[in-house]
Amino acid sequence: MDRYERARALCREHGQEQLLAYYGELDEGERGQLLAQIESIDWSIFSDEARVSQPVGDISPIEGMDTREIEARKEEFFAAGREAVRQGKVAALLLAGGQGTRLGYNGPKGTMDIGVTRPLYIYECLFRNLEEVCRACGAAVPLYIMTSEKTDEETRSFLKAHDYFGYPEGKIRFFLQDMAPATDFSGKILLEGKGRLALSPNGNGGCFSSLRRAGLMEEAARNGVEWFNVFAVDNVLQRIADPVFVGATLLSGADCGAKFVRKCEPGERVGVLCRRGGMPDIVEYYELSDEMANARDERGGLVYSFGVILNYLFRRETLEKIARAVIPVHRAKKKIPFLNEAGELIKPEKENGYKYETLVVDVVRLMGSCLPFEAVREREFAPIKNAEGKDSVQSARELLKCNGVRL
Ligand code: UTP
């Protein structure tokens with residue numbers, strides 16, 4: 001069977017024959033591109049209903065490590081974490097594939113200049129924070145950067161032009177996030193051109209399968225990496241490969257560590273660490289009932305108060321055991337430009353189909369055990385999500401100033 005026949009058989013098997021409707025009209029290059037896109041489809045995303053459904057089970061509080069305990073055992077944790085960093089056991093994994101639609105900045109988020117009297121890029125803040133850790137530990141941390149087709153070129157050229165803000169280039173690896181096809185409401189994959197599927201980044205939960213596909217999971221294992229510290233691009237106070245956090249997680253014996261900050265009010269729109277069906281998990285703010293969001297313990301503190309900040313440690317060996325097909329898929333209704341039956345490109349006014357994403361928060365539950373580790377909000381949490389107001393450039397600048405960063 002030749003390549004075309006194989007793709008046709010795959011499409012037939014999954015009820016997606018429409019993808020090859022225009023094959024006869026394509027030139028050689030376009031044909032090759034279309035076949036490659038069909039070959040790389042992760043079919044389990046739409047064929048398995050179980051993956052689309054949400055996790056179930058009763059929600060209950062989880063015990064975590066608070067700042068008092070961390071402060072009391074800081075030296076012990078730091079020593080264990082520093083040793084792990086020195087031995088090359090900890091790698092950082094930066095999620096930089098998002099489109100940052102809420103911020104509306106024209107370019108990858110990390111390349112944004114948030115300085116006032118001098119240029120200060122988001123990436124610069126992150127690299128400085130990482131360098132600080134490297135200095136304290138006496139070793140450079142391997143840094144894996146996940147970009148997507150939407151951010152790849154600009155991110156690479158920006159960082160190169162800024163000489164990686166002094167970080168050793170040899171310690172940095174880029175890899176591309178996989179794309180997932182969008183479908184109409186009946187599950188048929190849409191085309192955005194006669195030789196192109198309608199594709200979009202498959203969510204930040206795709207980071208480990210994409211890392212594997214790029215051959216970098218293997219490379220990390222060969223180099224002795226035992227932990228990945230996964231973090232978001234937009235928190236300019238983010239502590240990366242924080243040796244105290246690493247040490248505490250190592251010594252706890254858990255397969256995962258999750259930094260959290262105390263919720264500032266019961267209704268704050270953050271995911272919250274808890275147990276679900278007995279397993280460590282993260283509930284979204286809209287999944288918590290009012291009663292749960294407002295519940296207080298005997299000391300008056302919120303029972304569900306561990307807000308996650310997208311900074312997790314994952315044990316590599318455990319990750320390797322988690323098959324991609326068990327990570328839940330979130331299906332979101334979106335407006336997706338598509339080719340109609342007459343072969344015309346339509347830009348719909350209303351939502352016309354689904355995009356499919358997996359999320360890194362869902363990996364936490366699959367790890368089986370987790371150490372919730374408290375971070376001081378004012379020192380470690382300054383996300384830039386919105387153009388104005390909460391979690392904006394303005395709020396991040398104020399927090400940077402309070403932490404002694406010149407703007
Ligand atoms: P967000 O959930 O803030 O999404 O991502 P976003 O796409 O950046 O922003 P909005 O929602 O469109 O405004 C959290 C982290 O996950 C990364 C982002 O780059 C950010 O570091 N991410 C998100 C990816 O790497 N890939 C994705 O497909 C989505």
Side-chain angles (χ1 to χ4, degrees), residues 42 45 92-112 121-123 125-127 129-130 143-156 158-159 173-182 198-211 213-214 216 228-240 258-259 269-271 282 284-286 307-312 314 324 327-336 354-364 381-393 395-396:
D42 172 8
I45 283 181
L93 199 165
L94 166 59
L95 303 173
Q99 290 176 264
T101 46
R102 280 169 289 172
L103 182 62
Y105 173 68
N106 187 18
K109 242 191 214 184
T111 65
M112 187 179 195
Y121 300 98
I122 292 181
Y123 272 132
C125 298
L126 297 180
F127 276 83
N129 294 349
L130 183 56
L143 172 62
Y144 294 93
I145 303 179
M146 181 173 82
T147 58
S148 66
E149 276 175 24
K150 313 273 179 194
T151 62
D152 187 59
E153 259 181 53
E154 271 184 87
T155 302
R156 284 174 190 255
F158 173 87
L159 287 175
R173 295 274 184 282
F174 291 92
F175 66 103
L176 259 180
Q177 175 176 354
D178 294 338
M179 305 288 274
L199 296 173
S200 59
N202 65 349
N204 59 23
C207 61
F208 298 116
S209 57
S210 304
L211 189 73
R213 198 136 76 135
L216 294 175
F228 286 105
N229 182 202
V230 174
F231 65 101
V233 72
D234 48 27
N235 174 9
V236 285
L237 287 180
Q238 187 89 260
R239 309 306 305 166
I240 305 153
K259 278 210 176 179
R269 295 176 157 212
V270 286
I282 289 148
E284 291 303 334
Y285 67 91
Y286 49 80
V308 285
I309 60 171
L310 220 175
N311 190 320
Y312 303 105
F314 292 108
R324 176 167 71 166
I327 303 180
V329 173
H330 297 255
R331 196 168 65 173
K333 288 185 180 170
K334 300 271 176 179
K335 295 179 207 161
I336 305 152
Y354 296 118
K355 286 191 177 179
Y356 298 78
E357 286 194 334
T358 56
L359 302 179
V360 84
V361 289
D362 289 318
V363 181
V364 172
F381 192 44
I384 298 177
K385 298 281 185 199
N386 306 307
E388 283 168 7
K390 190 172 164 20
D391 300 341
S392 62
V393 174
S395 60

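Start at 1 and go down the list; that is how both ligands and their atoms are numbered. Please read these numbers as outputs of a predicted model, since none were measured by experiment. These numbers come from the heavy atoms of this one structure, side chains and all, not from hydrogens, waters or symmetry mates.
Atoms of ligand 1 lying under 4.0 Å from any heavy atom of Lys385, numbered from 1 in the order shown and given with element: 1 (P), 3 (O), 14 (C). Ligand 1 places these atoms under 4.0 Å from at least one heavy atom of Gln99: 7 (O). Residue Pro201 has at least one heavy-atom neighbour below 4.0 Å for each of these atoms of ligand 1: 28 (O). For ligand 1, the atoms closer than 4.0 angstrom to any heavy atom of Met146 are 25 (O). In summary, the atoms of ligand 1 found under 4.0 Å from a heavy atom of Gly97, numbered by their order in the structure, are 19 (O), 24 (C), 25 (O), 26 (N). Of all atoms in ligand 1, numbered sequentially from 1 with element shown, those under 4.0 Å from a heavy atom of Val233 are 19 (O), 21 (O). For ligand 1, the atoms sitting less than 4.0 Å from at least one non-hydrogen atom of Ala232 are 21 (O), numbered in the order shown with element in parentheses. Residue Gly203 has at least one heavy-atom neighbour below 4.0 Å for each of these atoms of ligand 1: 27 (C), 28 (O).
Residue-level proximity to ligand 1 for Ala96 is carried by the backbone, the only part with a heavy atom below 4.0 angstrom. Contacts with ligand 1 closer than 4.0 Å are made by heavy atoms of both the backbone and the side chain of Arg102. Counting heavy atoms closer than 4.0 Å to ligand 1, residue Leu310 contributes side-chain atoms (C-beta onward) but none from N, CA, C or O.
Of the protein's non-hydrogen atoms, Asn204 ND2, 3.1 Å is the one closest to atom 16 (O) of ligand 1. Annotation: atom 28 (O) of ligand 1 to nearest protein heavy atom, Gln177 NE2, 2.8 Å. For atom 21 (O) of ligand 1, the nearest protein heavy atom (residue, atom name, distance) is Leu95 O, 2.7 Å. Of all protein heavy atoms, the one closest to atom 6 (P) of ligand 1 is Gly100 N, 3.6 Å. Counting protein heavy atoms only, atom 23 (C) of ligand 1 is closest to Gly98 CA, 3.6 Å.
The distance from atom CG of Asn235 to atom CG of Leu310, rounded to the nearest 0.5 Å, is 9.5 Å. Between atom CZ of residue Arg239 and atom NZ of residue Lys259 there is a gap of 7.5 Å, rounded to the nearest 0.5 Å. Taking CG from Leu95 and OG1 from Thr147, the interatomic distance works out to 11.5 Å, rounded to the nearest 0.5 Å. Atoms CG and CD1, on Leu103 and Ile384 in that order, are 7.5 Å from each other to the nearest 0.5 Å.
Not close to ligand 1: Ser148, with no non-hydrogen atom less than 4.0 angstrom away.
Under the side chain to side chain contact (heavy atoms under 4.5 Å, CB included) criterion, Val361 pairs with Ile282, Glu284, Tyr312, Leu359, sequence neighbours left out.
At least one donor-acceptor pair under 3.5 Å links the side chain of Thr151 to the backbone N or O of Ala96. Between the side chain of Ser209 and the backbone N or O of Gly206 there is at least one donor-acceptor pair closer than 3.5 Å. Between the side chain of Asn204 and the backbone N or O of Val360, at least one donor-acceptor pair lies under 3.5 Å. A donor-acceptor pair under 3.5 Å links the side-chain atoms of Asn129 to the main chain of Gln238, judged by distance alone.
When the heavy-atom distances from atom 10 (P) of ligand 1 to Thr101, Asn202, Thr147 are ranked, the shortest goes to Thr101.
Nearest approach of Asp362 to Pro328, heavy atoms of both residues: CB-CD, 3.7 Å.
Considering backbone and side-chain N/O atoms, Leu103 never comes within less than 3.5 Å of an N/O atom of ligand 1.
Relative orientation of the Phe228 and Tyr144 rings is perpendicular, given thresholds of 30° and 60° on the angle between their planes.
Among pairs with a residue in residues 94-111, those fulfilling side-chain hydrogen bond (donor to acceptor under 3.5 Å, both in side chains) read Lys109-Asp234, at least two apart in sequence or across chains.
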